[in-house]
Student: 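Okay, here's the structure, questions in a sec.
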Amino acid sequence: VDGINISRRNGAGIFIDSSSPILRNLTIYNNTSYGIGSALKLLYSGAEISNSIIEKNTCYGQGTIQSGFCRDLKLINLTIRENTATGIGLFLQHEGSVTLENVVIEDNFQTATSSNYAGLYIKGAAADKPITVTLKNVYVKGHESPSNAGASFIFLSEASSIDGLYCIGNTATAATTGGLHLSKSYNVTLNNIVVEDNKGINGPVCMVECENIILNHFTAKNNKATKGGGIHLHKSSNIEIYNAEITNNIVEKNGSAIY
C-alpha cells in the first residue's frame, strides 16, 4: 500500500491480521477507536511501515498503535504525534523483532490514571520476556502520563541494538519513571542515549533494572525527580557507563546524579 490518507473513521484506521504488508507514505489522522489501536492495530502479523504520519487520533482503549503477538515489525521514518489514548500510547508486544529507525514520537497524551507509558512500550509477548529491539534515532518527547512512565518502557534481549534514543521533556506523576525505563534486559550496549528535561514527580527520570549493560555516550541533564535525577540503578548488576554527561539534575531526596 503506497500513498493513502485515512481520517475520521471509527475503529482502527488500519487493522492487520495474520499478514505481512508493506505500507508507505500514509497519513492517518483524526480517527477514533473505542477498543484497541485508533490508528493501527496489528495481530499475529509482521509489517514494514515507512515515510508516514500518524497524528491526532483518539483511542478510548489501549494504544494509538497496538500490536499483539506479532512477528517482525519495522517502523521507519515515522512521525507519531498529538494522539490521545486511555492506555499505553505506542504498545508493541512481540514474539519476533522490533525495529524503529528515524521515528519521532511526540506530544501524545494518556488519560487513564491507572495505566502506564504515554509514549513507547516494547516487550515480549510472553510475560517479562525480552525481545530483539533495534532503535536508531528515535525521539520520545513531550509526553505526560498521569500514572507511570511518561516516555518509554523497553525490554531488550542480548541481540538488541540501540544507537540514538532521545527521551526529552516527558512527565510521569505516579510512582515510576518520567523518561526512560529499561527492565529485565541483559548483555546489551546502548549508544547515544539522552534523557533531558524530564520530570518524575514521585520517582526517577531514568530507571535501569538490568544485568550486564553498557551505556556509552549517555547524557542525563536538566531533569527533576524525587530520587535519582540522572539515573536510578534498581536491582541491577554489572552496569558500565562511559562518556557520560550527568549535569544539572534536581532531586527532592537522594542521588541528584546516580542513585
Student: Does any N or O in the side chain of Asn249 come within less than 3.5 Å of the main-chain N or O of Asn223, such that one atom is a donor and the other an acceptor?
Tutor: yes
Student: Does any pair with a residue in residues 99-108 pass salt bridge (charged side-chain N to carboxylate O under 4.0 Å, His left out), and if so which ones, sequence neighbours excluded?
Tutor: Glu106-Lys141
Student: Nearest 0.5 Å, what's the CG-CG distance between Leu92 and Leu120?
Tutor: 6.0 Å
Student: Just how far is it from atom CD1 of Ile241 to atom CG of Asn216, taken to the nearest 0.5 Å?
Tutor: 11.0 Å
Student: Calculate, to the nearest 0.5 Å, the distance between atoms CG and CD1 belonging to Leu165 and Ile193 respectively.
Tutor: 4.5 Å
Student: Locate the shortest heavy-atom distance separating Val205 from Gly230; write the atom from each residue and the value.
Tutor: CG2-O, 4.2 Å
Student: Residues in ring-ring contact (aromatic ring centres under 6.0 Å, His included) with Tyr139, at least two apart?
Tutor: Tyr166
Student: Which residues pass the side chain to side chain contact (heavy atoms under 4.5 Å, CB included) test with Val188, not counting sequence neighbours?
Tutor: Leu156, Ser160, Leu190, Ile213
Student: Going by ring-ring contact (aromatic ring centres under 6.0 Å, His included), name the residues that satisfy it together with Phe15, two or more places apart in sequence or in a different chain.
Tutor: none
Student: Using distance alone, with no hydrogens and no angle criterion, decide if Asp72 and Ser97 have a side-chain donor and acceptor under 3.5 Å apart.
Tutor: yes
Student: Under the rule for side chain to side chain donor-acceptor pair (under 3.5 Å), what residues qualify as partners of Tyr44, not counting sequence neighbours?
Tutor: none
Student: Between the side chains of His217 and Asn192, is a donor N or O closer than 3.5 angstrom to an acceptor N or O?
Tutor: no
Student: Taking only residues two or more places apart in sequence or in another chain, which ones pass side chain to side chain contact (heavy atoms under 4.5 Å, CB included) with Ser161?
Tutor: Thr134
Student: Atom CG of Leu73 and atom CG of Leu42: how far apart are they, to the nearest 0.5 Å?
Tutor: 6.0 Å
Student: In sequence, state the C-alpha distance, the side-chain angles, and the governing distance for Ile239 and Ile231, and then conclude on side chain to side chain contact (heavy atoms under 4.5 Å, CB included).
Tutor: CA-CA 12 Å; Ile239 308 298; Ile231 184 170; 5.7 Å; no
Student: Checking Glu55 now: which residues fulfil salt bridge (charged side-chain N to carboxylate O under 4.0 Å, His left out) with it, not counting sequence neighbours?
Tutor: Arg81
Student: In residues 17-25, what donor-acceptor pairs under 3.5 Å come from side-chain atoms, sequence neighbours left out?
Tutor:
from, atom 1, to, atom 2, distance (Å)
Ser20, OG, Arg71, NH2, 2.8
Asn25, ND2, Asp2, OD1, 2.7

Student: Once you round to the nearest 0.5 Å, how far does OG1 of Thr32 lie from CG of Asn57?
Tutor: 7.5 Å
Student: Could you list the residues that satisfy salt bridge (charged side-chain N to carboxylate O under 4.0 Å, His left out) with Glu82, not counting sequence neighbours?
Tutor: Lys56
Student: Hey, could you give me each pair passing ring-ring contact (aromatic ring centres under 6.0 Å, His included) that has a residue in residues 222-241? Not counting sequence neighbours.
Tutor: His232-His234, His232-Tyr259
Student: For a side chain to side chain contact (heavy atoms under 4.5 Å, CB included) check, start with the C-alpha distance between Arg8 and Tyr29, then their side-chain angles and the critical distance, and finish with the verdict.
Tutor: CA-CA 7 Å; Arg8 297 179 176 86; Tyr29 64 100; 4.1 Å; yes
Student: Asn212: which residues meet the side chain to side chain contact (heavy atoms under 4.5 Å, CB included) condition with it, sequence neighbours left out?
Tutor: Asn187, Asn238
Student: Please report the interatomic distance CG(Asn198) to OG1(Thr171), rounded to the nearest 0.5 Å.
Tutor: 7.0 Å
Student: Under the rule for side chain to side chain contact (heavy atoms under 4.5 Å, CB included), what residues qualify as partners of Thr189, not counting sequence neighbours?
Tutor: Asn191, Ile214
Student: For the pair Asn170 (side chain) and His143 (backbone), establish whether a donor and an acceptor sit closer than 3.5 Å, ignoring hydrogens and angles.
Tutor: yes
